[in-house]
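In what follows, a structure is listed as structure tokens, so that the remarks can point back to it.
Each chain gets a letter, A, B and so on, in the order its sequence line appears, and its residues count up from 1.
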There are 2 protein chains.
Amino acid sequence: MAVSDQVNADVGNGGGVRQRSRASIERRILEAAESVFAEAGFNGATTAEIARRAAIPKANLHYYFNTKEELYQQVLTGIVNTWLHTADEITIDADPAQALAHYITAKVELARERPIPSRVFANEIIHGAPHLGKYLGSELRAWVDTKAKVIRGWIAAGKMRDIDPKHLLFMIWASTQTYADFASQISAVLGKEQLSPQEYKAVARQVTEIILRGCGLTPPTQI
Amino acid sequence: MAVSDQVNADVGNGGGVRQRSRASIERRILEAAESVFAEAGFNGATTAEIARRAAIPKANLHYYFNTKEELYQQVLTGIVNTWLHTADEITIDADPAQALAHYITAKVELARERPIPSRVFANEIIHGAPHLGKYLGSELRAWVDTKAKVIRGWIAAGKMRDIDPKHLLFMIWASTQTYADFASQISAVLGKEQLSPQEYKAVARQVTEIILRGCGLTPPTQI
DNA sequence: GATTTTTCTGACCGAATGATCAAGTTTTTT
DNA sequence: AAAAAACTTGATCATTCGGTCAGAAAAATC
């Protein structure tokens with residue numbers, strides 16, 4: 001976006017073919033980068049391979065993104081923005097069982113539908129988050145503080161057992177994202193290439209049941 | 001071990017200074033490799049950095065381990081062997097609540113005491129386990145089948161709720177190992193360099209409580 | 001249609017990396 | 001103490017990687 005703005009700032013065509021094509025090629029590059037970063041990590045990923053998957057010469061890739069670092073940052077930013085609003089239903093007025101069930105279900109569905117960005121993010125965290133800068137300690141931390149306060153409100157209102165909200169969130173993250181991040185292990189152990197949509201639903205149901213009962217809540221009736 | 005056998009096969013000194021020093025230097029190299037692989041992944045790790053941390057010239061490292069791949073394999077094998085016997089208490093005759101509580105507690109303690117190998121393993125899995133060969137689909141799969149059968153026995157005996165044993169194991173793995181693999185995220189979100197032993201105990205207690213209650217079990221009284 | 005701007009690309013470069021090797025030194029064996 | 005085996009190491013090599021550059025091609029602007 002920033003690059004696009006800068007380069008096309010003086011083009012007075014009001015978002016014509018030029019800008020559309022630039023946006024589309026940048027999207028193609030970012031998609032290719034996403035998959036390469038997921039498979040090989042930042043260090044293992046090569047700009048040559050990203051260019052190959054985007055079907056452009058490497059020099060052309062460096063025309064759109066100056067450095068590999070810049071490309072990685074954009075991929076990470078995209079992932080993070082996607083994740084920021086996944087728990088909007090966790091509010092003080094919501095029913096805890098319903099809200100948590102929805103959150104867990106949504107997270108499992110995300111693990112099924114978009115496992116690749118999840119892996120890029122997980123890889124970054126495992127290696128100590130060297131490229132995420134202060135994001136974890138500022139924005140994500142504030143997000144968690146907000147949600148934790150909501151859950152503490154539920155507990156104070158006697159709606160659920162007294163548990164540590166933040167570690168509950170960590171447990172939900174772990175239990176759901178494991179189906180994206182560690183998919184290869186799960187596939188191998190279960191002896192199947194990939195889980196069916198039905199199996200993902202069963203996973204969501206079981207994780208929800210265990211977490212909710214663990215919090216002293218009654219899981220909402222399944223449809 | 002294989003390298004050591006081969007090189008020292010004809011030395012008839014019955015495990016003297018020579019072999020002791022070889023074992024010790026190999027251990028030092030493996031420890032250095034473990035930390036470098038954990039921080040940078042297989043691709044990002046450099047033999048030069050491993051040699052530096054082991055305080056030997058790079059050429060000498062290649063005397064003990066021919067290739068980086070061989071070094072990585074030994075690190076992975078070591079981790080895997082460490083993990084094989086962590087759930088020995090999960091047997092058909094055991095009390096489910098006690099056995100699962102012990103397993104979860106042991107896993108959290110392992111996450112605290114040995115996070116580095118956990119990260120090497122996690123990194124390998126995230127990238128599709130390209131260096132683990134058939135291990136996941138054979139040995140680990142058989143291990144999970146065995147434990148799943150035990151848990152199904154518990155369920156059949158009416159000792160706990162009817163849940164899918166394998167996905168329960170995945171959930172336990174995820175919820176415990178997240179404290180090793182994603183430590184940087186947890187630290188940043190909680191705003192503390194690292195968790196205290198007391199906090200790890202609280203984590204183990206809460207994860208145990210949620211999982212056990214989720215399985216319709218009563219957590220054993222804490223000491 | 002000429003000029004300017006943007007996009008594209010093959011060729012290339014310096015740095016880093018995994019691995020090798022030959023020439024040493026030390027230890028063990030005889 | 002001579003010979004053999006094991007160990008150490010600086011120097012070096014081929015390859016790969018991220019990134020650059022000059023100039024061609026295409027598109028937009030005048």
Salt bridge (charged side-chain N to carboxylate O under 4.0 Å, His left out) contacts in which one or both residues fall within residues 180-190 of chain B, not counting sequence neighbours: none

For atom CZ of B:R52 and atom P of C:dT17, their distance in whole Å: 12 Å

Rounded interatomic separation in angstrom, taking CG from B:L61 and C1' from C:dG18: 11 Å

Separation of atom CD in B:E69 from atom C1' in C:dG18, rounded to whole Å: 12 Å

Separation of atom OH in B:Y72 from atom P in C:dG18, rounded to whole Å: 14 Å

Phosphate OP1/OP2 of C:dC8 contacted by A:Y63 side-chain N/O (<4.0 Å): no

A:N60 CG to D:dA26 C1', straight-line distance once rounded to whole Å: 13 Å

OP1 or OP2 of C:dT6 under 4.0 Å from side-chain N/O of A:R22: no

Those residues that, when tested against A:K68, pass salt bridge (charged side-chain N to carboxylate O under 4.0 Å, His left out) (two or more places apart): none

Is there any protein nitrogen or oxygen under 3.5 Å from a nitrogen or oxygen in nucleotides 20-25 of chain D, and what are the pairs?
none

For A:K192, side chain to side chain contact (heavy atoms under 4.5 Å, CB included) partners two or more places apart: A:L190, A:L195, A:E199

Euclidean distance, atom NZ of residue B:K68 to atom P of D:dT16 [Å, nearest integer]: 14 Å

Residues that A:Y103 engages under ring-ring contact (aromatic ring centres under 6.0 Å, His included), provided they are two or more places apart: none

d(CZ, B:F65; P, D:dC7) in whole Å: 13 Å

A:T178 vs B:W173 side-chain heavy atoms within contact, under 4.5 Å: no

A:D88: salt bridge (charged side-chain N to carboxylate O under 4.0 Å, His left out) partners, not counting sequence neighbours: none

For residues 44-54 of chain B, run the donor-acceptor check on the side chains, cut-off 3.5 Å, and write out each pair with its distance to 0.1 Å, sequence neighbours left out.
from, atom 1, to, atom 2, distance (Å)
B:T46, OG1, B:E49, N, 3.0
B:E49, OE1, B:R52, NE, 3.2
B:E49, OE2, B:R52, NH2, 3.0
B:E49, OE2, B:R53, NE, 2.8
B:E49, OE2, B:R53, NH2, 3.3
B:R53, NH1, B:S35, OG, 2.9
B:R53, NH1, B:E39, OE2, 3.2
B:R53, NH2, B:E39, OE1, 2.9

For A:R141, all residues meeting side chain to side chain contact (heavy atoms under 4.5 Å, CB included), sequence neighbours excluded: A:D145

Sorted by number, the residues of residues 30-51 of chain B with heavy-atom contact under 4.0 Å to DNA chain D: none

Under 3.5 Å donor-acceptor, B:H62 side chain and B:T67 backbone: no

Whole angstrom value for the distance that separates P of C:dA19 from OH of B:Y64: 18 Å

